[in-house]
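First listed ligand is number 1; within each ligand, the first listed atom is number 1. Predicted, not measured: the structure shown is a model, and the values here were computed from it.
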Amino acid sequence: MLREALPEIVTGVVPGPKSKALLERKEKALPAALGKAVYPVCIAKGEGAMLEDLDGNRFLDWIGGVGVLNIGYSRPEVVEAVKEQADKYFHTIINVITHEGYVELAEKLNSIVPVRGEEKKTYFANSGAEADENAIKIARAYTKRSNVICFSGAFHGRTNLTMALTAKKAYSVDMGPFPSGIYRAEYPYLYRAPKGYTEEEAVTYYIDKLYRLFDEASPAKDIACMIIEPLQGEGGFIPAPISWVKAVRKICDENGILMIADEVQSGFCRTGKMFASDYWAEAGIQPDIITMAKSLGGGVPVSGICARAEIMDAALPGTIGGTYCGNPLACASALKVIEIYEKENLADRSMEIGRKVRAAYKEFALKYPVIGDIRGLGGMIGMEFVKDKETKEPFPEFVSAMVRNAVQRGLLIENAGTYGNVIRFLAPLVMTDEQLAAGLAIFEECLKVTTKQLCK
Ligand SMILES: Cc1ncc(COP(=O)(O)O)c(C=O)c1O
């Protein structure tokens, strides 16, 4: 069965003939920005952490739809739940006709999402970007203020507003003009903090910079919200230190600013807790709004925005919602997916996988000097590559070669980071121990081969 299988390349080289033919059709039929394949992989079927391509090659997928597949591919109970819903009806628009799945999913999330407040409310959108955009709308409606603080390294999506919030400008070349009122502060990237700083000194440095923004960019009284990824994803798998989060919470409270946690990539057991913000909650900090997407629906598009009722009810009728938001098939999937996270305790499994991966990565770091940093929470781990450990000069070419070498051996890994020099670990949490061991063996072989190719 594919679910328990190990990686295997049967065509010698990837892509095999059938995948190659589809990739050629893709290049002709799709815009160049999407048509040119980085990964020469065309899926025939997926189960658990594995996918089989059109030519029968089997890949271990450590990208998992970029964080969508914490539950893995084609979980039978989820497939069943979606089929059962499909037999009844595919669609209603919640602004017109109420369906129970929407209400039940909102109730479920209200009971588990660690936002501040007793009475909570949730509504749905279709993508992570839409969730973030909605969170900003809600924050503006509640505070009656217009400005927003986002952070260096942030990724919040590709709508016009979220392109403006996203730090890396490669994601928005030629796409302006962008909305005004967006101000960027520095995210606490400890590995690249000023040389010689302790963590405490670095946190003070980043908080001072945040204060500077009130003097030089926008007075605090005009700021509606700050949007923060508790563990930056695209930015390079960088966890925000709890002491920094605490200081930011204090600044928000003192100035009537709402704190939004973007858990689009970090949510749903990925970090070893249901939400990365659960780590904040343990330290007595709670965001005002949490956005989520990706592993909420387990592959059926749905995203959510959750906050206390007082904030949510500030948006006037007509200002939020949309045709497909909270689609019945997506809600049926999400309800079953969350049930499985809880029943099978996938947060603990994420911790266990994370411990094993970290231990192996630390061993690798002793042998391969290109590994500059290993960081993360639970099963969300990044490895940063540098040309020189002293200068920390990024080594993106090494990461690109690792990705190419791994594909040819049946392992899918992806880059991250402002400089593209981080490899992210986002494997489905249902991966077997044998698959994890096989993946780590391929990873090390790729380190060896890539070192030979690129390091003289
Ligand atoms: C933290 C974060 N926010 C928002 C988004 C945007 O989500 P989507 O691609 O579903 O619009 C992403 C996507 O990677 C993300 O990682």
Chemist: Below 4.0 Å from ligand 1: does a non-hydrogen atom of V66 turn up there or not?
Modeler: no
Chemist: Could you tell me the residue and atom name of the protein heavy atom closest to atom 16 (O) of ligand 1, and the distance to it rounded to 0.1 Å?
Modeler: Q265 NE2, 2.8 Å
Chemist: Does atom CZ of F364 have more than 12 heavy-atom neighbours from other groups under 6.0 Å away?
Modeler: yes
Chemist: Considering only heavy atoms of S127, which atoms of ligand 1 have at least one such atom less than 4.0 Å away?
Modeler: 10 (O), 11 (O)
Chemist: Write out the residue and atom name of the closest protein heavy atom to atom 3 (N) of ligand 1, then the distance separating them to 0.1 Å.
Modeler: D262 OD2, 2.7 Å
Chemist: So is there a nitrogen or oxygen of F155 less than 3.5 Å from a nitrogen or oxygen in ligand 1?
Modeler: yes
Chemist: Hey, is ligand 1 close enough to E130 that some N/O pair sits below 3.5 Å?
Modeler: no
Chemist: Using a 4.0 Å heavy-atom cut-off, which part of E234 comes near ligand 1: side chain, backbone, both, or neither?
Modeler: side chain
Chemist: Around atom 9 (O) of ligand 1, find the nearest protein heavy atom and jot down its residue, atom name and distance.
Modeler: R158 NH1, 4.7 Å
Chemist: Can you find an N/O atom of E229 closer than 3.5 Å to an N/O atom of ligand 1?
Modeler: no
Chemist: What's the shortest distance from atom 7 (O) of ligand 1 to any protein heavy atom, and which residue and atom give it?
Modeler: G128 CA, 3.3 Å
Chemist: Hey, is ligand 1 close enough to K294 that some N/O pair sits below 3.5 Å?
Modeler: yes
Chemist: Starting from atom 6 (C) of ligand 1, what is the nearest protein heavy atom, named by residue and atom, and what distance separates them?
Modeler: A129 N, 3.6 Å
Chemist: State if Q232 counts as touching ligand 1 under the rule of any non-hydrogen atom under 4.0 Å.
Modeler: no
